[in-house]
Peer 1: 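Encoded as structure tokens, here's the structure I'll be asking about.
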Protein chains: 4
Amino acid sequence: MTVNSRPGRPVILGQNQYGKAENRVVRITRDGATHHIKDLNVSVSLSGDMEDVHYSGSNANVLPTDTTKNTVFAFAKEHGIESAEQFGIHLARHFVTSQEPIHRARIRIEEYAWERIETSEANSRFIGADEVKHSFVRKGQETRLTQITYDGSSWEVVSGLKDLTVMNSTNSEFWGYVKDKYTTLQEAHDRILATSVAARWRFNWTADEQKMPHWEKSYEQVKKHMLQAFAETYSLSLQQTLYQMGSRIINNRGEIDEVRFSLPNKHHFLVDLEPFGLKNDNEVYFAADRPYGLIEATVLRDGCEPRIPVDLTNL
Amino acid sequence: MTVNSRPGRPVILGQNQYGKAENRVVRITRDGATHHIKDLNVSVSLSGDMEDVHYSGSNANVLPTDTTKNTVFAFAKEHGIESAEQFGIHLARHFVTSQEPIHRARIRIEEYAWERIETSEANSRFIGADEVKHSFVRKGQETRLTQITYDGSSWEVVSGLKDLTVMNSTNSEFWGYVKDKYTTLQEAHDRILATSVAARWRFNWTADEQKMPHWEKSYEQVKKHMLQAFAETYSLSLQQTLYQMGSRIINNRGEIDEVRFSLPNKHHFLVDLEPFGLKNDNEVYFAADRPYGLIEATVLRDGCEPRIPVDLTNL
Amino acid sequence: MTVNSRPGRPVILGQNQYGKAENRVVRITRDGATHHIKDLNVSVSLSGDMEDVHYSGSNANVLPTDTTKNTVFAFAKEHGIESAEQFGIHLARHFVTSQEPIHRARIRIEEYAWERIETSEANSRFIGADEVKHSFVRKGQETRLTQITYDGSSWEVVSGLKDLTVMNSTNSEFWGYVKDKYTTLQEAHDRILATSVAARWRFNWTADEQKMPHWEKSYEQVKKHMLQAFAETYSLSLQQTLYQMGSRIINNRGEIDEVRFSLPNKHHFLVDLEPFGLKNDNEVYFAADRPYGLIEATVLRDGCEPRIPVDLTNL
Amino acid sequence: MTVNSRPGRPVILGQNQYGKAENRVVRITRDGATHHIKDLNVSVSLSGDMEDVHYSGSNANVLPTDTTKNTVFAFAKEHGIESAEQFGIHLARHFVTSQEPIHRARIRIEEYAWERIETSEANSRFIGADEVKHSFVRKGQETRLTQITYDGSSWEVVSGLKDLTVMNSTNSEFWGYVKDKYTTLQEAHDRILATSVAARWRFNWTADEQKMPHWEKSYEQVKKHMLQAFAETYSLSLQQTLYQMGSRIINNRGEIDEVRFSLPNKHHFLVDLEPFGLKNDNEVYFAADRPYGLIEATVLRDGCEPRIPVDLTNL
């Protein structure tokens with residue numbers, strides 16, 4: 001059995017954090033027969049005076065991860081879930097201010113969107129319109145994300161999304177690049193440009209004294225600007241499109257200072273149909289899985305410091 | 001090295017099929033500046049006189065899977081992709097009628113839906129409304145499915161969908177069930193009912209002489225009826241909801257004789273908040289992953305034979 | 001609200017089954033300091049007199065899926081888990097014999113294998129060898145499968161595995177196939193043959209009076225024969241290899257009458273290095289994801305009826 | 001159409017990188033009839049003078065991601081794949097030294113291990129032992145990882161692994177923790193401790209002048225020490241086990257200065273069998289999926305700077 005010797009320790013503890021990950025909380029709010037739903041996946045991560053638990057196994061400073069889970073569910077009742085961001089702020093504040101050994105809390109949340117199922121005419125005639133207001137179908141498009149970090153004095157809110165798949169079937173070119181001895185790619189003057197957007201954006205709200213952004217409206221607007229920039233940019237490279245997407249967000253949303261993108265270039269290869277006596281006039285494509293180009297960059301409001309970590313993926 | 005002995009063979013070949021699976025074909029149709037997109041995952045499966053290739057490795061009757069792949073892409077040009085069903089019919093007919101050793105072809109297709117990205121007002125003012133008609137975002141809700149089988153004389157078309165996640169936040173009960181010595185479940189008079197719909201439905205179109213259904217409209221209507229039945233059924237069991245969903249389809253869509261469902265009961269457990277001095281008035285739920293109830297059944301037009309295989313899942 | 005009308009029902013119920021899927025049960029057996037582990041994923045599926053619950057929502061014949069879950073965990077204590085097959089037999093017999101409305105039970109089980117972690121020499125010297133017999137690492141190779149079906153009189157046991165990935169780097173050819181107008185594939189006289197084996201095999205044990213197979217030994221031997229047949233067959237087609245794998249099992253294991261395979265041809269394409277002035281002498285391959293050939297077949301003991309369903313996959 | 005205005009730019013470009021991700025290269029080396037296999041998933045990420053491509057779409061400094069893919073395959077021939085680390089070093093050096101605008105290259109590699117299939121006795125008798133040396137089965141346990149970063153002057157090599165699932169069925173306790181108003185967890189004096197290890201470790205080799213580590217042996221030894229530390233630590237918390245695992249590596253492997261772990265606490269809950277009149281004497285567990293505790297920390301050689309990023313996961 002390992003003897004956990006302490007003195008003269010040649011191996012030291014660095015950054016560490018712990019908590020309960022992926023608490024799947026669903027909150028129903030009833031406004032009479034009209035129900036509303038918030039569907040979140042909440043991960044808690046706490047840091048502070050945690051040397052002892054690593055060196056000796058003493059849990060004297062450890063609030064159990066099970067308790068952090070209970071807190072998520074209790075807070076869904078006590079505070080409701082107005083937005084993922086607001087819910088994360090409640091949680092982060094609680095852990096840092098109520099537990100002396102905890103100096104920093106980071107709450108990460110995934111949110112899944114739902115829309116109402118429209119009822120049938122027959123149903124409306126039979127029972128009166130607007131009757132069914134408790135039935136939902138999951139939208140299933142992108143997953144909304146947020147990360148709230150609090151150290152007892154200042155806030156960092158980084159929101160985002162993943163798995164928003166977009167495609168332009170024209171207005172994309174790729175040419176004029178470097179050629180070396182391993183280059184075989186032909187230049188393209190009309191190609192498909194497709195990607196699955198992973199993005200994070202950082203708010204400049206950092207203190208309780210500041211006016212808090214309207215989180216729901218902000219998200220909706222950021223998504224809209226991002227999609228429009230993708231659609232409206234005549235693209236000479238995915239990097240250019242990326243910059244336009246970020247730039248459109250920064251220019252339109254004063255509450256945001258920084259955006260980070262990770263954009264896989266989801267290749268759609270024009271299929272060679274000549275062996276079959278057919279001409280492929282940008283009509284038939286093979287959608288490839290791997291490998292894929294991976295374009296990642298940060299776009300910043302001039303004068304601001306970058307704070308979003310570089311890697312949104314492990315590949 | 002194995003000697004592939006033949007005579008007096010004590011081990012025989014049973015049902016067999018082969019082909020290229022998961023051909024990811026994207027078809028763009030250009031109507032001037034307005035583009036249309038069909039995004040499919042096509043799997044080909046052929047059967048016929050294939051004893052030799054199994055017993056001796058002779059490929060004399062084998063059309064390579066690579067050729068079946070090429071055919072998918074060539075047909076996307078030659079025939080276009082009006083609907084997944086129509087495309088599958090072209091393919092199945094081709095393989096059975098052009099290759100003597102092939103007696104049966106089964107084409108399975110997954111289809112991913114896209115919707116247009118709406119352009120910005122600024123863009124509209126600058127360049128005129130309706131300019132960008134080549135930009136799409138993947139809807140990301142359910143995956144549409146179809147399976148076309150042809151044996152040279154009659155057709156079987158089974159369409160369907162998967163991963164359509166739905167939830168009723170009330171109007172669901174569960175009580176009056178059998179209790180044995182292992183029963184601990186409490187009866188519920190107001191619970192969440194949620195499932196991820198996997199469904200297949202069989203068309204009664206089987207011969208070229210019959211009028212072919214309108215595949216696109218049929219799909220849209222079946223999905224609508226299924227969702228409405230889910231929303232409008234006051235449910236005493238998921239089985240009851242399932243039957244209502246199937247029954248609504250059969251009653252409204254004359255082109256369909258049979259529906260098979262596989263419905264996981266995605267449990268949402270009411271969280272016990274009493275230890276924290278809180279009352280959970282059907283507000284806060286834990287969305288569990290595993291285990292889950294799994295409810296599967298076939299619903300049939302009276303007088304019709306069931307033909308859809310029982311298992312839509314391997315669990 | 002839907003009125004669940006009964007009389008003159010134009011839509012009828014077909015095959016149906018229900019139960020709790022994916023019960024993740026881990027059973028530890030302690031033999032002094034030496035522990036043993038069984039790690040299963042158990043899915044229960046019951047059929048019988050279930051018309052009422054579908055038509056009217058009456059649960060009078062319904063043993064809750066929650067109870068079937070409880071039974072799995074209780075039986076892990078009461079009967080132990082000698083093998084997945086034996087455990088499934090206990091469960092299936094229980095449901096059919098203890099619940100009058102239940103006429104058929106099907107138990108599906110996935111099993112995850114673990115191996116012991118070997119302790120360090122330092123540990124052995126310090127505390128005596130063989131001390132740590134409670135530490136395991138998941139093997140992580142194939143997933144073992146079984147399916148037990150019981151109707152009150154006879155048994156059907158179909159065992160199997162999935163995700164066993166194998167590769168021959170030579171002794172595989174593919175030529176002499178049919179060429180049509182869509183064929184572009186070049187013949188190959190030395191190619192990589194790789195697949196991820198999904199297999200099911202049916203035992204001829206069907207009655208309690210018969211001597212039961214030794215399930216653990218049978219599995220180990222079937223896997224061995226399958227791997228050896230893959231390795232030792234000089235392959236002219238994946239179909240030929242498939243038949244050899246099945247044939248080797250039937251010939252060596254008298255307890256098994258039927259084997260079904262679903263073998264994706266995991267293509268490894270020789271990379272064209274000529275543009276870079278390099279010769280690729282069967283050294284550098286690109287492992288492709290999609291599309292892939294998919295070869296499926298049943299191999300049978302002569303005189304036996306096939307009973308394993310044709311589809312082990314939905315693609 | 002967006003006008004990509006430049007002067008007075010209020011939105012600037014931050015850190016950026018690009019390249020081809022997930023190149024699936026398989027390298028076969030033939031030593032007579034004995035074949036060897038290396039199976040990698042290689043991702044290339046390049047940084048440098050890339051402002052223009054983002055601001056204006058000019059690709060004048062851009063080596064296409066397609067070329068980086070070609071280079072991976074060509075290098076598998078030109079240099080062979082002695083180890084993932086050595087292969088990454090060849091690639092990173094090439095991109096930085098051959099392309100003036102590229103200042104930094106980061107190569108990430110996943111490696112999948114294979115083991116030989118043992119041939120049958122019959123085969124050995126018939127054709128002579130040792131004949132089949134070209135048949136492999138994928139081990140399927142952990143995925144090996146490495147990341148090579150080069151800026152033209154110094155190297156950083158961070159290797160690691162993921163998905164190594166381990167379990168102790170005893171010698172784990174958890175008690176003496178903080179209790180607040182949301183705490184309901186009971187203290188445990190004999191629990192299962194299970195995790196799926198994700199780890200990264202940083203080598204202190206940074207310059208070509210230094211003696212390079214033996215990458216293959218180092219990996220094998222690190223894995224061994226990590227497993228042994230997990231097995232041999234009597235654990236009062238997963239944090240304590242984590243520290244012992246890291247500490248054992250640092251103490252035994254002089255070539256490594258830093259280790260980062262992300263350890264999900266894969267909860268195995270003791271099932272309450274009392275309602276069924278049964279006593280659960282640490283025998284029957286429910287393996288839960290979500291939520292899970294997540295314990296993350298860096299362990300460092302005293303005096304060294306931490307450099308491995310904090311997040312190995314996005315949850």
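Quick note on labels: first sequence line is chain A, next is B, and so on, each numbered from 1.
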Peer 1: When only pairs under 4.5 Å are counted, which of Asp180(A), Val44(A), Leu13(A) shares the most heavy-atom pairs with chain D?
Peer 2: Asp180(A)
Peer 1: So what's closer than 4.5 Å to chain D heavy atoms on Thr298(A): side chain, backbone, both or neither?
Peer 2: both
Peer 1: Which answer fits Glu258(A), side chain, backbone, both or neither, if we ask what part of it has an atom under 4.5 Å from a heavy atom of chain D?
Peer 2: neither
Peer 1: Contact part of Asn23(A) toward chain D, heavy-atom cut-off under 4.5 Å: side chain, backbone, both or neither?
Peer 2: both
Peer 1: Go through the atoms of Asn61(A) and report whether side chain, backbone, both or neither lie under 4.5 Å from a heavy atom of chain D.
Peer 2: backbone
Peer 1: Is chain D contacted by the side chain of Ser98(A), its backbone, both, or neither, given a heavy-atom distance below 4.5 Å?
Peer 2: neither
Peer 1: Of the backbone (N, CA, C, O) and the side chain (C-beta and beyond), which part of Leu312(A) lies under 4.5 Å from a heavy atom of chain D, both, or neither?
Peer 2: backbone
Peer 1: What pairs with Gln228(D) under side-chain hydrogen bond (donor to acceptor under 3.5 Å, both in side chains), at least two apart in sequence or on another chain?
Peer 2: none
Peer 1: At a 4.5 Å cut-off on heavy atoms, which part of Lys20(A) comes close to chain D: side chain, backbone, both, or neither?
Peer 2: both
Peer 1: Pick one of side chain, backbone, both or neither for Arg290(A), based on which atoms fall under 4.5 Å of a heavy atom in chain D.
Peer 2: both
Peer 1: Report the option among Glu173(D), Glu78(D), Lys179(D) that has the most heavy-atom pairs separated by less than 4.5 Å from atoms of chain A.
Peer 2: Glu78(D)
Peer 1: Do Glu296(A) and Tyr18(D) get their side chains close enough for a donor-acceptor pair, meaning under 3.5 Å?
Peer 2: no
Peer 1: Are there residues of residues 302-310 of chain D that reach to under 4.5 Å of chain A by heavy atoms, and which ones?
Peer 2: Asp302(D), Val310(D)
Peer 1: Tell me, out of Thr65(D), Leu242(D), Thr183(D), who's got the most heavy-atom pairs with chain A below 4.5 Å.
Peer 2: Thr183(D)
